A.B. asks: 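My questions all concern the structure below.
Keep in mind the model is a prediction, meaning the values are calculated, not measured. The analysis underlying the following values was restricted to heavy atoms, covering all of them including side chains, and did not include hydrogens, waters or symmetry mates. Numbers restart at 1 for each chain; the letters A, B, ... are given by sequence-line order, proteins then strands.
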Protein chains: 2
Amino acid sequence: MADPARLSLNTATVREAWDLGACIEGCARHGIGWIGPWRDAVAAYGLGRAVRHLRDAGLGVSGLCRGGWWTAGSLAEAIDDNRRAIDEAAALGARCLVVVNGGLPEGSRDLAAARARCLEGLAAVLDHARAAAVALALEPLHPMTCADRSVLVTLAQALAWCDTLGEGVGVAVDSYHVWWDPDLAASLARAQGRILAFHVCDWLRDTRDLVFDRGMMGDGVIDLARLRGLVDHAGYDGPIEVEILSRRWWGRDPDEVLATLKERFVACV
Amino acid sequence: MADPARLSLNTATVREAWDLGACIEGCARHGIGWIGPWRDAVAAYGLGRAVRHLRDAGLGVSGLCRGGWWTAGSLAEAIDDNRRAIDEAAALGARCLVVVNGGLPEGSRDLAAARARCLEGLAAVLDHARAAAVALALEPLHPMTCADRSVLVTLAQALAWCDTLGEGVGVAVDSYHVWWDPDLAASLARAQGRILAFHVCDWLRDTRDLVFDRGMMGDGVIDLARLRGLVDHAGYDGPIEVEILSRRWWGRDPDEVLATLKERFVACV
């Protein structure tokens, strides 16, 4: 059983109904000690206001979602935007900046070039991140996102990028993205000391959408307790974010969502 | 450019409009020398009748789709059914039986057990397959199918299963299932002499369905010519099946589909 004190609310889980302020109040009301905000939610609420509200509520920030997205437009613009994301993460006192790297550039079939471009972007902001003491958490996304969201698709690949980049870079492990991987246990063993974030949700057997049909823990097929054990064993003892992008759950009352995920966190993770 | 003589029609590509007889006639009419039938199409048409029609039309059978499916019901029934599939493949003179292994059993979260069960089933039919001179082509499916269709999800994993099983077993490489894999080139190099089938279609950037939204070659993001080169380099010089499970293409005139895939095969593969 995961320690309930590790529970963190990723704001995307209730993003259709609550702004950042409502998320902070919701966490306080439900006794959740951590939050993982998205940048757009922070921007809409105001960075300074967010910092004050978080401090007043006594909430820790498990990570800021998200930097990266190196392949969509110009690399120079992506680098500038990632420097801003690093500054925001520092202001929020976030434990890391979660990096989603981006898919193939529109019109391209060159995976190797897209992957090289991500590494180039990461290398370009690394000094800025180190100076700000913001760790970059490379998040491998599920291979079904390879075309349009993330050319980084396995934990082994993320660890290889960490090796290339050196200090200040680690990985974000999300159950939804890695559960299928035959090399998962081996990769987690090799991730010792390099896990910066751990996100959980479930994979539904009858998944209907490639992006917005994630499941509540316990409703799907992922052995979350086993995965949490492997992540623990790799030396990660930080907060565990619940991130459920789901049209099904966005349609529910957010207080019900928080009550459910708290209960399921204890029962399933 | 792939040799047009290698083109094979997987019957699923036009399954909503044509029975097996119509597929055979369609291949003859369009100058396609190979066909990859599905078992249900063979059963509906009649095995003996299919064998005669294929012989009269002078068509080669690139592979029979599909054996496997070890995890859905009882293992004993799956073993019996796979023996029948092997006999059908032998009767058809198919170059291999394509094996799709199945997902997690309903209600299970135990991936390791499901994978062990597939290996147990494969081992149980291997003598039968060897005696019938039918090679078993293990097909890793895309990780998004891991819950409900295939716990075998990477080429590296398929090659490891081949190592365990020994003679008479190889792999089926399908562009749709493997294109995202960071280890693809390395795995294909290790597959030297073990590729029994090669299937092509494309991954659409705006994929809307996890099963029935595959793309026509050239309409998506896969560098098929590069992949074909890697597969060639691994020593595979057999037929190349076009297998497009797509509600979009099922809605079109099958003769138009065949004309298009012939043209795209030459242009893109």
Side-chain angles (χ1 to χ4, degrees), chain A residues 103-115 140-161 175-185 202-211 213 215 217-227 268, chain B residues 103-115 140-161 175-185 202-211 213 215 217-227 268:
Chain A
L104 281 168
E106 195 80 44
S108 168
R109 295 189 177 91
D110 192 340
L111 263 180
R115 287 166 173 161
L141 259 54
H142 195 285
M144 70 184 175
T145 70
C146 191
D148 61 343
R149 288 167 185 268
S150 178
V151 292
L152 183 70
V153 287
T154 67
L155 195 51
Q157 188 191 8
L159 291 169
W161 288 19
S175 59
Y176 191 76
H177 296 306
V178 304
W179 73 277
W180 57 271
D181 187 348
D183 292 330
L184 183 57
D202 215 333
W203 177 282
L204 301 175
R205 202 178 166 87
D206 67 335
T207 298
R208 292 174 206 157
D209 186 281
L210 280 80
V211 185
D213 197 19
M217 298 81 75
D219 287 347
V221 302
I222 306 178
D223 187 343
L224 290 163
R226 176 175 175 273
L227 176 59
C268 306
Chain B
L104 280 169
E106 195 80 46
S108 168
R109 295 189 177 91
D110 192 341
L111 262 181
R115 285 166 173 162
L141 258 56
H142 195 285
M144 71 183 173
T145 71
C146 191
D148 62 342
R149 289 167 185 268
S150 178
V151 292
L152 183 70
V153 287
T154 67
L155 195 50
Q157 189 191 8
L159 290 169
W161 288 20
S175 59
Y176 192 76
H177 296 307
V178 303
W179 72 278
W180 55 271
D181 187 348
D183 291 331
L184 184 57
D202 215 333
W203 179 281
L204 301 175
R205 203 179 165 88
D206 68 336
T207 297
R208 291 175 208 158
D209 186 281
L210 281 79
V211 185
D213 198 19
M217 299 82 75
D219 287 347
V221 302
I222 306 177
D223 187 342
L224 290 163
R226 176 175 175 273
L227 176 58
C268 306

A.B. asks: Any idea which of A/L224, A/I222, A/T154 has the most non-hydrogen atom pairs under 4.5 angstrom with chain B?
C.D. replies: A/I222

A.B. asks: Going by the rule salt bridge (charged side-chain N to carboxylate O under 4.0 Å, His left out), which residues pair with A/D223 if we only count those two or more places apart in sequence or in a different chain?
C.D. replies: none

A.B. asks: Holding to side chain to side chain contact (heavy atoms under 4.5 Å, CB included), I want the full list of residues that pass it with B/R115, two or more places apart in sequence or in another chain.
C.D. replies: A/P182, B/L111, B/C146, B/V151, B/V153, B/Q157, B/W161

A.B. asks: For A/P105, is it the side chain, the backbone, both or neither that has a heavy atom under 4.5 Å from a heavy atom of chain B?
C.D. replies: backbone

A.B. asks: Just so I understand: if I count every heavy-atom pair under 4.5 Å between each of B/D183, B/D181, B/T207, B/L152 and chain A, which residue has the most?
C.D. replies: B/T207

A.B. asks: For the candidates A/G220, A/S108, A/A156, which exhibits the highest count of non-hydrogen atom pairs separated by less than 4.5 Å from chain B?
C.D. replies: A/G220

A.B. asks: Can you name the closest pair of heavy atoms from A/D213 and A/L204 and give their distance?
C.D. replies: O-CD1, 3.6 Å

A.B. asks: Looking at every non-hydrogen atom in both residues, tell me the closest pair between A/S175 and A/L227 and how far apart they are.
C.D. replies: CB-CD2, 3.5 Å

A.B. asks: Give, as side chain, backbone, both or neither, the part of A/D209 having an atom under 4.5 angstrom from any heavy atom of chain B.
C.D. replies: backbone

A.B. asks: Using 30° and 60° as the class limits, which term best fits the ring planes of B/W179 and B/W203: parallel, tilted or perpendicular?
C.D. replies: tilted

A.B. asks: Among A/R226, A/E106, A/R208, who wins on heavy-atom pairs under 4.5 Å with chain B?
C.D. replies: A/E106

